[in-house]
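See below for the structure under consideration.
So that the names make sense, note that chain A is the first sequence line, chain B the second, and so on, each numbered from 1.
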Amino acid sequence: MILPLHAAIRNRLRAVLDELYGLEPATLPEIAVQSPPNRALGDLGTPLAFELARRLRKAPRSIAAETVAALGPVDGIARAEAAPNGYVNLFLDREAFARRVVHASGAAPPEPAAGSAPDAKVIVEHTAINPNKAAHIGHLRNSALGDTLARTLRFLGAPVEVQNYIDDTGVQVADVVVGFQQLEHASVADVAARAAEPAFDYYCWDLYARVAEWYDADDDRLTMRTRALHEIEGAGNPTAEIGAIVAERIVRCHLATMSRLNVDYDLLCWEGDILRLEFWTRAFEVLKQAGAVHLQASGPQAGCWVMPLTDAGGADPEADGGDGVPEARAKIIVRSNGTVTYVGKDIAYQFWKFGVLDRDFHYRPRDAQGSGRPLWSTTSTPPAAGAAASDGAAASDGAAASDGAAASDGAAASAIPAASGASAESGRPASPPPFGRAAAVYNVIDTRQSYLQQLLKDALAAIDRPGAAERSVHVSYEMVALSHATARMLGYEIDPGDQRPFVEVSGRKGLGVKADDLMDRVTAAARKEVAARHDDLDDAEADRIAAIIAVAAVRYFMIKFSRGKLIVFDIEEALSFEGESGPYLQYAAVRATNILRKLHARDGIDEAALAAALDTLPGTPLDDPDGGELWGLMLEASRLDEVADQAVRALELSVFAKYAFGLARAFHTFYHRCPVLAEERREVRLWRAAGVHYFLRQLTRALDLMGCEVPPRM
RNA sequence: GCGCGUGUAGCUCAGUUGGAUAGAGCGGCCGCCUCCUAAGCGGCAGGCCCCCGGUUCGAGUCCGGGCACGCGCGCCA
């Protein structure tokens with residue numbers, strides 16, 4: 001881990017600049033510590049002399065030379081050099097560095113580290129798929145980004161709470177309910193029965209598309225949607241019951257899908273609970289008290305409660321009201337009929353996340369996740385005193401209404417008993433952790449919602465919570481579309497009028513690649529590759545390995561593009577396991593594992609023996625000309641914390657993916673040039689083994705941050 | 001119209017808070033399995049970094065102005 005070293009270097013340099021030139025550390029900008037383009041130039045370097053040249057009226061070259069001369073001994077640095085062009089380059093004490101990282105046992109918990117992540121709790125909201133149909137590849141990008149962000153924040157030492165927002169009372173659920181009632185003429189019992197069958201999410205995928213077509217055929221039918229929406233919000237009627245069954249069962253499907261990809265959560269937040277517990281009522285009071293909203297007296301928005309807009313948002317083309325004077329644009333929060341808009345509900349939720357709403361959900365435990373992390377759900381029902389938090393007790397809660405029906409389904413449910421999670425073992429309900437009240441909130445939502453996310457910040461600023469507004473972060477990303485080839489493969493005809501080189505995923509049209517279908521295909525392809533290489537694997541083992549590879553292939557694919565980039569998804573490309581791909585990284589790790597396993601089998605050298613042996617061996621192999629390969633590998637492997645920190649600061653997980661790829665590539669090169677087992681010189685052999693060991697530990701951790709595992713073979 | 005995003009090799013993309021010689025994958029061509037797994041490695045070819053201007057010792061990166069493409073801007077969610 002290299003960040004502590006960066007910090008030590010910066011400290012020393014600041015002290016030197018103060019001594020030499022009387023430059024107060026506080027007046028200096030952050031000193032950049034970077035990697036020189038060529039290791040012969042140094043292990044680390046800094047361009048500080050350029051920055052100071054003007055201020056000191058001195059040539060960068062002289063500043064660099066004087067800085068180097070005055071540097072003195074720095075722990076971990078062997079020597080410093082002033083490059084002729086003005087850089088200050090540093091050479092690490094390789095032996096000391098290598099011994100330290102090798103000794104830091106892999107069994108010890110990762111040094112929480114040194115990054116710029118906050119030490120107060122942060123909430124990451126991601127996934128938030130409408131619970132009315134199967135998850136598709138667009139949702140996968142969201143979850144992969146969100147889960148990787150959460151893991152990386154945890155790695156940097158921040159306490160993280162992951163929330164998955166469930167819009168169980170929205171239009172999309174209402175549409176499927178309308179489908180059941182109008183197209184299928186299904187009763188509550190019929191829906192419950194169908195929901196208990198496998199692939200309910202696939203069924204709803206098609207039903208939703210059928211409803212959309214049905215609406216298109218006759219606009220009057222949209223009144224059915226409006227009515228269903230109201231009935232669902234009202235609860236205590238068959239429509240609401242069907243809605244609850246659909247949402248609950250689809251959420252289970254989504255959780256199962258995400259579990260395949262090693263994505264998990266701490267809390268499911270149901271919109272229905274926000275409504276029933278009247279979060280909005282309280283948020284509205286807070287907004288009114290702060291004067292953040294006002295009742296519009298006249299104009300087109302008369303009778304509405306509105307919030308003034310900052311310029312960052314959208315614009316209203318008709319804003320000038322015909323009198324030539326531009327009216328202040330305002331966002332309607334409460335309609336003239338008194339009902340709250342979507343924005344209002346979102347504001348209430350965001351307020352709750354920051355603990356500025358003195359109101360809370362009730363909570364109930366849900367079935368454990370594949371990862372073992374406890375999962376909780378919001379509920380509107382207070383825990384009944386004395387009674388276990390059974391499904392029966394929660395039955396009045398709309399969100400839980402379908403538990404009875406869902407419990408009879410064993411297909412997608414895991415092997416974990418269907419009893420309510422944490423309460424099952426102890427026999428009494430565990431008390432929920434303190435949810436909400438975060439210091440920072442990261443909302444992982446696609447870029448089309450930037451306008452609304454900006455409104456949330458505005459609302460926080462408007463109630464005089466500038467800190468919360470500042471730390472209300474929209475992690476935006478572009479959508480995932482389909483390549484023409486993939487869309488055609490799915491049987492869709494491309495609109496000849498559409499010149500775009502991609503086809504937009506559309507739930508309404510039923511156009512998209514379902515997440516589970518993708519995983520199935522990638523897994524099958526991986527299995528074929530594994531089977532071709534290892535004929536001694538039994539079916540179960542081959543399946544297990546294929547699943548591990550598929551996760552890496554899909555997750556890496558979703559992370560490797562920077563978030564502002566539209567992904568044109570092509571199935572052929574996603575099925576490629578060569579080059580810059582998840583499996584490439586895993587293959588490097590597997591190769592490293594093989595070396596260490598064989599070394600152990602042949603020479604009896606394990607991790608502990610290796611560390612012990614190195615204590616009495618000279619570090620000369622690190623300095624050999626071909627030791628440059630070894631040293632370069634170890635140095636690169638040590639940058640994990642630096643890159644994780646950078647990824648979080650820039651909210652750009654792709655830099656993390658790129659780093660992991662570069663590290664794996666460095667190892668593959670090392671693998672070809674520097675044999676370990678066949679190396680005859682003992683000290684060289686052991687130092688190389690140590691390098692392999694350290695590399696494997698770091699790459700494994702990097703893969704873990706991306707939610708990927710190292711397969712036993714491949 | 002306004003806001004946000006994107007524009008770098010044939011294609012898809014990296015390029016770290018402005019820094020040393022603009023990189024990778026795919027595709028193309030040529031090599032490497034008697035050697036810890038060829039899901040790998042080495043090499044070759046391929047560039048007005050969209051355009052114009054500015055700031056700076058230094059600009060693919062920052063600023064201004066354009067152009068192109070995408071997305072968003074409802075008393076929908």
Side-chain angles (χ1 to χ4, degrees), chain A residues 29-30 32 34-38 41 45-47 50-51 53-54 59-60 83 85-87 89 130 167 169-172 174 229 300-301 303-304 306 309 311-317 319 329 332-337 339 341-343 345-346 446-452 454 476 478-479 481 499-502 526 529-530 532-534 549 560-568 570 573 576-581 583-584 586-588 590-592 594-599 642-643 646-647 649-650 652 654-655 657-659 661-662 665 668-669 671-673 675-679 692 713-714:
Chain A
E30 172 87 346
Q34 41 196 223
S35 298
N38 176 344
L41 293 169
T46 174
F50 300 108
E51 197 129 3
R54 170 173 287 259
N85 60 6
Y87 274 90
N89 289 325
N130 271 304
D167 186 5
T169 53
V171 169
Q172 295 214 21
L229 206 45
Q301 298 179 337
C304 298
V306 302
L309 286 178
D311 275 334
D316 177 1
R329 299 188 313 262
I332 293 167
I333 309 295
V334 178
R335 305 182 186 99
S336 54
N337 67 6
T339 57
T341 61
Y342 165 84
V343 186
K345 281 179 271 186
D346 253 27
D446 77 69
T447 184
R448 289 174 293 191
Q449 304 253 18
S450 344
Y451 172 52
L452 292 158
Q454 181 58 43
S476 69
E478 260 294 353
M479 60 179 174
Q499 297 300 308
R500 299 178 302 179
F502 57 86
E529 297 285 331
V530 171
R533 288 168 176 78
H534 306 282
I549 293 170
K560 75 174 184 177
F561 302 97
S562 51
R563 61 196 169 89
K565 220 96 176 184
L566 177 86
I567 295 180
V568 180
D570 186 83
E573 193 185 342
S576 163
F577 302 149
E578 290 173 8
E580 195 196 336
S581 67
Y584 175 96
Q586 292 175 313
Y587 188 50
V590 167
R591 282 179 145 183
N594 286 342
I595 292 172
L596 296 175
R597 194 186 56 238
K598 289 190 179 181
L599 189 69
E642 178 195 345
V643 176
Q646 186 193 326
R649 263 183 303 153
E652 190 50 89
S654 64
V655 312
K658 298 287 177 185
Y659 161 74
F661 171 63
R665 194 178 40 187
H668 280 305
T669 303
Y671 182 92
H672 281 273
R673 291 191 190 158
V676 178
L677 295 173
E679 173 58 45
V692 170
R713 302 163 71 180
M714 67 186 287

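- Comparing B:rC13, B:rA20, B:rC36 against the side chain of A:N89 picks out B:rA20 as the nearest.
- When both pairing distances are held under 3.5 Å, B:rG25 makes a Watson-Crick or G-U pair with B:rC11.
- A:R563 has its CZ atom 15 Å from the P atom of B:rU16, to the nearest Å.
- Mapped onto RNA chain B by nearest heavy atom, A:P47 and A:F502 fall at different nucleotides, with A:P47 at the one closer to the 5' end.
- Residue A:I549 comes nearest to A:V530 through the heavy atom pair CD1-CG2, 3.7 Å, listed as atom of the first residue, atom of the second, then distance.
- No N or O donor and acceptor, one from the side chain of A:R665 and one from the base of B:rA24, sit under 3.5 Å apart.
- Under the Watson-Crick or G-U wobble criterion, with both distances below 3.5 Å, B:rU16 has no partner in any strand shown.
- Residue contacts shown for A:F50 include a base, since a base heavy atom lies under 4.0 Å away.
- The residue A:V530 sits close to a base: some heavy atom pair falls under 4.0 Å.
- Of all nucleotides listed (B:rA39, B:rA38, B:rC13), B:rC13 comes nearest to the side chain of A:S562.
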Legend entry - Verdict with reasoning, A:E580 to A:R665, per salt bridge (Lys or Arg N to Asp or Glu O under 4.0 Å): CA-CA 9 Å; A:E580 195 196 336; A:R665 194 178 40 187; over 6 Å; no
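- Comparing the same atom, P, in B:rG53 and in B:rG27 gives a spacing of 40 Å after rounding to whole Å.
- Within the 4.0 angstrom heavy-atom criterion, base atoms lie near A:Q646.
- Figure legend. B:rA68 is base-paired to B:rU6; pairs are counted as Watson-Crick or G-U wobble with both atom distances under 3.5 Å.
- Looking at heavy-atom distances under 4.0 Å, A:I333 makes no contact with the nucleic acid at all.
- The interatomic distance linking A:M714 (CE) with B:rA38 (P) rounds to 13 Å, in whole Å.
- Within 4.0 Å (heavy atoms only), A:E642 reaches no atom of the nucleic acid at all.
- Nucleic acid contact class of A:F661 (heavy atoms, under 4.0 Å, all strands): sugar-phosphate only.
- The gap from the C1' atom of B:rG25 to that of B:rG15 amounts to 14 Å, rounded to the nearest Å.
- Take the nearest nucleotide of RNA chain B for A:D167 and for A:R713: the residue whose nucleotide is more 5' is A:R713.
- Candidate nucleotides B:rG70, B:rG25, B:rA39 were compared by shortest atom distance to the side chain of A:E580, and B:rG25 ranks first.
- Nucleotide B:rG40 forms a Watson-Crick or G-U wobble pair with B:rC32, both donor-acceptor distances falling under 3.5 Å.
- Here the side chain of A:R54 is nearest to one of B:rC73, B:rC57, B:rU21, namely B:rC57.
- Nucleotides B:rG65 and B:rG72 place their P atoms 25 Å apart, quoted to the nearest Å.
- Counting only heavy atoms from C-beta on, A:P583 has its side chain closest to B:rA39 among B:rA39, B:rA38, B:rC36.
- Syn is the glycosidic conformation of B:rC33, whose angle stays within 90° of 0.
- Of the side-chain N and O atoms in A:Y584, one or more sit less than 4.0 angstrom from OP1 or OP2 of B:rC41.
- With distances taken from any side-chain atom of A:Q301 to the nucleotides B:rC26, B:rC75, B:rA20, the minimum falls on B:rC75.
- As rounded to the nearest Å, B:rC49 and B:rA24 have C1' atoms that lie 16 Å from one another.
- Across the strands present, B:rA45 finds no partner; the criterion is a Watson-Crick or G-U wobble pair with both atom distances under 3.5 angstrom.
- In this structure, A:I567 and A:E478 have side chains that are not in contact, with every pair of non-hydrogen atoms separated by 4.5 Å or more.
- Comparing B:rC36 with B:rA20, their C1' atoms are spaced 37 Å from each other, to the whole Å.
- The nearest whole Å value for the distance from the CG atom in A:N337 to the P atom in B:rC75 is 12 Å.
- Nucleotides B:rC62 and B:rU17 have their P atoms positioned 10 Å apart, rounded to a whole Å.
- At B:rA14, none of the side-chain N or O atoms of A:S654 fall inside 4.0 Å of OP1 or OP2 (strictly under the cut-off).
- Between A:R673 and B:rG40, a side-chain N or O to OP1/OP2 separation shorter than 4.0 Å is absent.
- Within 4.0 Å (heavy atoms only), A:V655 reaches sugar-phosphate atoms of the nucleic acid but no base atom.
- A:I549 comes within 4.0 angstrom of a nucleotide base, judged by non-hydrogen atoms across all strands.
- Between A:L566 atom CG and B:rA68 atom P there is a gap of 20 Å when expressed in whole angstrom units.
- For the C1' atoms, the distance linking B:rC30 with B:rU34 amounts to 24 Å, nearest Å.
- Although no hydrogens or angles enter the test, the distance criterion places no donor-acceptor pair under 3.5 Å between the side chain of A:S336 and the main chain of A:C304.
- Residue side chain A:D346 does not reach the base of B:rA77 through any donor-acceptor N/O pair under 3.5 Å, judged by distance alone.
- The separation between A:Q454 atom CD and B:rC73 atom P is 15 Å, rounded to whole Å.
- Across all strands shown, A:V590 has heavy atoms under 4.0 Å from base atoms, whether or not it also approaches the sugar-phosphate.
- A donor and an acceptor atom, one from each side chain of A:N594 and A:R597, are located under 3.5 Å apart.
- Using modelled atom types, one finds no donor on one side chain facing an acceptor on the other under 3.5 Å when comparing A:S576 with A:E578.
- At the heavy-atom level, A:S336 lies under 4.0 Å from base atoms of the strands shown.
- In this structure, A:R533 reaches the bases: a heavy-atom distance under 4.0 Å links it to at least one base atom across the strands shown.
- Atom P of B:rG46 sits at a distance of 33 Å from the matching atom of B:rG70, rounded to the whole Å.
- With contacts defined as side-chain heavy-atom distances shorter than 4.5 Å, the pair A:E642/A:Y659 does not qualify.
- Summarising the geometry of A:K560 relative to A:S654, their closest heavy-atom pair is O-CB, 3.5 Å, with the distance given to 0.1 Å.
- Rounded to an integer number of Å, the gap from NE2 of A:H668 to C1' of B:rA38 is 11 Å.
- Close to B:rG7, at under 4.0 Å from its OP1 or OP2, lies a side-chain N or O of A:K565.
- Of all non-hydrogen atoms in A:E573 and A:V568, the two that sit nearest each other are OE1-O, 4.4 Å.
- A:K658 places its NZ atom 5 Å from the C1' atom of B:rA14, with the value rounded to the nearest Å.
- Residue contacts for A:A32: at a heavy-atom cut-off of 4.0 Å it reaches a base atom on one of the strands shown.
- With B:rC75, B:rC13, B:rU17 as the candidates, the nucleotide lying closest to the side chain of A:E30 is B:rU17.
- Between A:R533 and A:R713 there is no side-chain heavy-atom pair separated by less than 4.5 Å.
- Whole-Å rounding puts the A:R448 CZ to B:rC4 P distance at 19 Å.
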